[in-house]
Protein chains: 2
Amino acid sequence: MKYNEARHKFIQSWGSLGTSWGISRTMAQIHALLMISPDALTTDDIMKELGISRGNVSMSLRSLIEWGIVYKDYVPGDRKEYYRSEKDVWVLATQVAKERQKRELEPVIRMLNQVKSIEEDSGQKKKIQAFKKITKDLNSFAKQSDQLLNVFTKSEEHWFFSRVKKLFGK
Amino acid sequence: MKYNEARHKFIQSWGSLGTSWGISRTMAQIHALLMISPDALTTDDIMKELGISRGNVSMSLRSLIEWGIVYKDYVPGDRKEYYRSEKDVWVLATQVAKERQKRELEPVIRMLNQVKSIEEDSGQKKKIQAFKKITKDLNSFAKQSDQLLNVFTKSEEHWFFSRVKKLFGK
DNA sequence: ATTAATTTTCAAAAATTTTTGAAAATTCAA
DNA sequence: TTGAATTTTCAAAAATTTTTGAAAATTAAT
């Protein structure tokens, strides 16, 4: 496979994967482009490479910076801003895990805590029983996942996978 | 909090969470409704409870069945089909993990394997170097995650969280 | 202060995804 | 078979999300 073909495939695939990970196609494509770029890129570089609008690039970059996986660089004597991706895959993964924990897991835990205390209600014994059971179980699972994610995001790469694998006899 | 309020909050929240987990609002709402229902429900029950169309219920249920988290029940002497959710949270979680592994993780690994072998190209040494480095690192991480997920989906509930937590000194 | 370069904002347009609802298909009892 | 009950399909409509692009804001050099 030629480099340009591989590069194109990588950017396109990362873009469509982004969609199923809850980020927009172009945001993921920009991220892909920055990951494989040895040098930091300007807004215009990105617009030209991916054929997308200035506004889109601006908003997507802000979002990537909020996710903590893209950084801004300032070059002395140059008005333009340069953007650069985090390239350490472990750091990338832990940043993404932290953000998703905040956006997806924590809201569930909050909701489940809210619905935990329901008043007695004569006519609906069975339904209330079922409701309490599943929400309690989901809450317990969600909290354990939260703890596990904390272990993951705080651990050192070297340790995590190898220790877990050894633990389960792999 | 009153039961009906809690129930409403649970269904609505699960619905909007579904969106960020890549399934449609109504599909997640149907799942929520079935999880808290002590008895299996018919298509008409679900339509009435959630105020959504027959077609939507039919398609969403098929999808939930494909995910392996909802089952069809047949009641003797009744033409209607009854639907029931998996209620064991560990089974739910492992099913969802398996499906997402198949839909999200495996495609990345396939793509990264494809772009792995690129021909030498005189003019682009530095770019090719950077490309090879990041795709190799991503591939290695993706494969380790895949293995970890296999450990998770094959392990017993009791073991998983407690062993991992103990391992990391929690 | 003025101006040119650059970035950001956001309303409108485009694209995509979800939902509807009625027709078609299926199922099963008589 | 026939036909009523039920489920499925899918084109069109609605809702939602993403993208555009030009105006406004910001930045920094002169």
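Proteins come first, then strands; the chains are lettered A, B, ... in the order of their sequence lines, and each starts at number 1.
- Salt bridge status for B/E99 with B/R103: present, with a side-chain N to carboxylate O gap under 4.0 Å.
- Computed from coordinates, the A/K72 NZ to C/dT6 P distance equals 14 Å when rounded to whole Å.
- One atom, CG of A/L50, and another, P of D/dT18, lie 17 Å apart when rounded to the nearest Å.
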Which atoms of nucleotides 20-30 of chain C (N or O only) lie under 3.5 Å from a protein N or O atom, and what are those distances?
residue: C/dT20; atom: OP2; partner: B/S53; partner atom: N; Å: 2.8
residue: C/dT20; atom: OP2; partner: B/S53; partner atom: OG; Å: 3.1
residue: C/dT20; atom: OP2; partner: B/N56; partner atom: ND2; Å: 3.1
residue: C/dT27; atom: O2; partner: B/R79; partner atom: NH2; Å: 2.6

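- Residues B/Y3 and A/E119 bring no donor and acceptor atom of their side chains to less than 3.5 Å of each other.
- Atom CE of A/M27 is separated from atom P of D/dT17 by 15 Å (rounded to the nearest Å).
- Between B/T43 and D/dT7, a side-chain N or O to OP1/OP2 separation shorter than 4.0 Å is present.
- Both A/R25 and A/D44 lie near DNA chain C, and the one whose nearest nucleotide falls closer to the 5' end is A/D44.
- If you measure from atom CD1 of B/I46 to atom C1' of D/dT6, you get 14 Å, rounded to the nearest angstrom.
- Distance CG (A/D78) to C1' (C/dA4): 15 Å, rounded to an integer number of Å.
- Taking atom NZ on A/K80 and atom P on D/dA28, their separation rounds to 15 Å, with Å as the unit.
- Using modelled atom types and a 3.5 Å distance limit, the side chains of B/T42 and B/D45 yield a donor-acceptor pair.
- A salt bridge is defined here as a Lys NZ or Arg NE, NH1 or NH2 lying under 4.0 Å from an Asp or Glu carboxylate O, and A/R163 with A/E156 fails to meet this definition.
- Here B/S24 lies in heavy-atom contact (under 4.0 Å) with sugar-phosphate atoms only.
- As a whole-Å value, the separation of A/L61 CG from C/dT9 P is 13 Å.
- For the pair A/R7 and A/E49, the salt-bridge criterion is met [side-chain N within less than 4.0 Å of a carboxylate O].
- Residues satisfying the salt bridge (Lys or Arg N to Asp or Glu O under 4.0 Å) test with A/D146, not counting sequence neighbours, are none.
- Between the C1' atom of D/dT7 and the CG atom of B/L64 lies a distance of 16 Å, rounded to the nearest Å.
- Distances shorter than 4.0 Å separate none of the side-chain N or O atoms of A/T19 from OP1 or OP2 on C/dT16.
- A side-chain donor from one of A/N113 and A/K116 sits under 3.5 Å from a side-chain acceptor of the other.
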